[in-house]
Structure formats: structure tokens, C-alpha cells
Amino acid sequence: MSEDQQNTAMPRNNRTWLCTVLFMDIVEYSKHSVDHQMMVKQSFSTLVSDALRPLPNEDCIKLDTGDGLAMCYLGAPEDVLYVAVGLRDAFVDVKGICETCYTVRMGINLGPVKILEDINGQRNTIGDGINAAQRIMSFARPNQLLVSRSYYDVISCLSEDNPKLFSYIGVHNDKHVRQYDVYEVMAHQDREQASLVASDAKPTGPGKL
């Protein structure tokens with residue numbers, strides 16, 4: 001490489017990555033007492049750590065947000081879907097435990113981020129990819145898993161069955177009036193119900209509408 005090329009080359013640490021971002025927060029976490037917050041956070045951290053264990057550590061950048069967690073994943077986008085669905089179901093189960101009953105909102109986005117080093121020498125991320133994931137999460141109800149249009153478009157192309165996992169719930173605006181097409185990842189029983197409704201709506205024979 002010539003000296004001119006070296007001077008104009010973009011620094012490696014300025015690279016933009018296309019990441020799958022999973023953003024989660026514990027609903028009304030700050031309204032609980034400190035003792036209850038500790039119990040909730042311990043339960044949350046245990047469930048998340050167990051769920052993320054199968055993912056290669058070098059592909060995961062995990063950020064503690066205080067009342068939740070954001071994870072930027074550099075691997076296959078569908079890996080995050082499997083993890084998130086398992087977590088969503090685990091949080092639903094936890095809601096039935098009176099001692100630590102809490103709910104979690106979840107959002108997934110596929111978008112650009114930059115990786116940098118924080119004050120502790122750990123990997124951190126900034127960029128629209130993570131900001132949009134937080135916005136998608138903010139539209140979720142307790143224990144609901146939502147995804148952005150960019151993530152849905154990629155996942156739905158990977159298998160002809162994948163689009164059946166999602167339900168389009170419309171356009172949402174954030175406080176900056178930016179619009180987002182939002183999809184819900186349906187629970188198993190909701191997918192079965194949707195399939196039954198679709199089957200009932202199909203013609204069953206000649207003369208049927």
C-alpha cells in the first residue's frame with residue numbers, strides 16, 4: 001500500500017458493523033424497593049446468562065442498562081430470534097412466581113453500529129442499530145417480543161415457515177416522529193390460533209366462498 005493509500009484508508013476501529021441488537025428492560029423496575037430490585041435483577045441476570053450461553057462470546061457485546069440489557073450480536077441473525085423466544089417464554093413463567101414476579105419488554109433490530117472501547121476497556125457499541133432496537137422495545141407490552149422491519153425482512157427470507165412466526169402490528173412513531181414498521185413474534189398458542197383461523201377462511205370445496 002502506498003503512503004497516500006495509507007493516509008486515506010479508513011481506520012479499522014471506525015468500521016461500521018451490521019448487527020442484530022436485542023434490547024430488554026424490566027417493566028417498572030425503578031418503582032420497586034431496592035431489595036426487590038436486587039431480587040428481580042438477580043433472576044433476570046440468571047435467565048439471560050443461561051439463554052445467551054450457546055452464543056459465541058466473541059460475537060456478543062453485552063451492555064448492562066441498569067434496568068435491563070442490550071446485546072449486539074455479530075453472528076447469524078436467526079440465532080438471536082431463538083434466544084429471544086426462549087427468554088420471552090421464561091419471563092412469562094417467572095411472572096407466576098410471587099416472590100420475584102416481574103415482566104420484561106423485548107425488541108430486536110438489525111442495523112448499523114460502531115464498536116468502541118469504554119472506560120473500563122470493554123467493548124461497547126453506538127449507532128442507529130442499537131437506538132432503533134431500544135425504540136422497538138419501547139413499543140412492546142409486558143412480556144411481548146417485537147422486531148423491526150429490517151430484522152423481519154432478513155429472517156422471513158431464510159425459511160418459508162419463518163413469516164408464520166410473526167404478526168404485523170402496524171406503524172409506530174417515536175418521540176422524534178420517526179416511523180417504525182413493527183412485527184410481533186407470536187407465542188406458540190397464538191400461531192396455532194392464527195393457523196386455525198386461516199384454515200377456516202379457506203374454501204373447502206366447490207361452491208364455497
Side-chain angles (χ1 to χ4, degrees), residues 1 5-27 29-30 37-38 40-91 94 102 104-140 144-155 158 174-176 178 180 182-183 185:
M1 181 182 293
Q5 288 175 317
Q6 289 177 347
N7 290 336
T8 59
M10 182 177 292
R12 180 73 173 179
N13 60 6
N14 197 37
R15 175 178 175 179
T16 298
W17 298 79
L18 189 62
C19 289
T20 305
V21 183
L22 170 62
F23 214 112
M24 299 175 279
D25 78 354
I26 301 166
V27 177
Y29 178 77
S30 62
Q37 286 180 2
M38 290 178 62
V40 167
K41 193 62 181 288
Q42 183 176 18
S43 171
F44 174 85
S45 298
T46 298
L47 289 175
V48 171
S49 295
D50 289 345
L52 299 185
R53 189 168 290 117
L55 302 181
N57 193 55
E58 62 272 17
D59 288 338
C60 296
I61 303 174
K62 294 168 253 186
L63 311 173
D64 191 322
T65 62
D67 60 352
L69 179 135
M71 182 193 71
C72 295
Y73 185 63
L74 303 174
E78 61 268 30
D79 292 348
V80 177
L81 179 63
Y82 303 141
V83 166
V85 168
L87 272 172
R88 191 263 320 271
D89 295 345
F91 293 138
V94 163
Y102 62 93
V104 178
R105 298 182 299 170
M106 307 174 69
I108 304 177
N109 179 52
L110 182 69
V113 303
K114 290 185 182 294
I115 301 174
L116 47 82
E117 189 175 285
D118 65 18
I119 194 172
N120 297 312
Q122 302 297 317
R123 290 187 300 173
N124 202 338
T125 58
I126 58 172
D128 187 68
I130 192 167
N131 295 337
Q134 185 176 21
R135 297 289 185 270
I136 296 296
M137 176 211 68
S138 72
F139 303 137
Q144 186 180 35
L145 172 59
L146 301 181
V147 307
S148 67
R149 178 63 179 267
S150 61
Y151 185 76
Y152 168 82
D153 284 345
V154 170
I155 294 299
L158 298 178
D174 66 12
K175 61 182 179 181
H176 304 295
R178 177 177 173 182
Y180 300 84
V182 181
Y183 296 77
V185 182

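- In this structure Pro54 satisfies the side-chain contact (heavy atoms from CB on, under 4.5 Å) test with no other residue, sequence neighbours excluded.
- Interatomic distance, Tyr152 OH to Leu81 CG, rounded to the nearest 0.5 Å: 12.5 Å.
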Working for side chain to side chain contact (heavy atoms under 4.5 Å, CB included), residues Ile115 and Leu74: CA-CA 11 Å; Ile115 301 174; Leu74 303 174; 4.2 Å; yes

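- Of the possible donor and acceptor atoms, one in the side chain of Arg88 sits under 3.5 Å from a partner among the backbone N and O of Val185.
- Nearest approach of Leu69 to Thr65, heavy atoms of both residues: N-OG1, 3.3 Å.
- Atom CD in Gln144 sits 11.0 Å away from atom CE in Met106 (nearest 0.5 Å).
- Asn57 has its side chain within reach of Lys62: a pair of non-hydrogen atoms, C-beta onward, lies under 4.5 Å apart.
- No side-chain donor-acceptor contact under 3.5 Å links Arg105 to the backbone of Asp25.
- To the nearest 0.5 angstrom, Leu146 atom CG is 10.0 Å from Met137 atom CE.
- Rounding to the nearest 0.5 angstrom, the gap separating the CG atom in Leu110 from the OG1 atom in Thr20 is 5.0 Å.
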Asp174 and Gln134: CA distance, side-chain angles, deciding distance, side chain to side chain contact (heavy atoms under 4.5 Å, CB included) verdict: CA-CA 10 Å; Asp174 66 12; Gln134 185 176 21; over 6 Å; no

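- Side chain of Tyr180 to backbone of Phe139: no donor-acceptor contact under 3.5 angstrom is found.
- No donor-acceptor pair closer than 3.5 Å links the side chain of Arg135 to the backbone N or O of Lys175.
- Between Glu78 and Tyr151, the shortest heavy-atom contact is CA-OH, 4.1 Å.
- The aromatic rings of Tyr102 and Phe44 lie perpendicular to each other, with more than 60° between the two planes, well past the 30° mark.
- The main-chain N or O of Asn120 is found under 3.5 Å from a side-chain atom of Asp118 such that the two form a donor-acceptor pair.
- Remark: Asn109 CG to Asn131 CG distance equals 9.5 Å, nearest 0.5 Å.
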Worked verdict on Leu52 versus Val83 for side chain to side chain contact (heavy atoms under 4.5 Å, CB included): CA-CA 7 Å; Leu52 299 185; Val83 166; 3.5 Å; yes

Check against side chain to side chain contact (heavy atoms under 4.5 Å, CB included), Leu55 and Met71: CA-CA 11 Å; Leu55 302 181; Met71 182 193 71; 4.0 Å; yes

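- Residue Thr125 holds its OG1 atom at 3.5 Å from CD1 of Ile130, rounded to the nearest 0.5 Å.
- No donor-acceptor pair under 3.5 Å is formed between the side chain of Tyr73 and the backbone N or O of Leu22.
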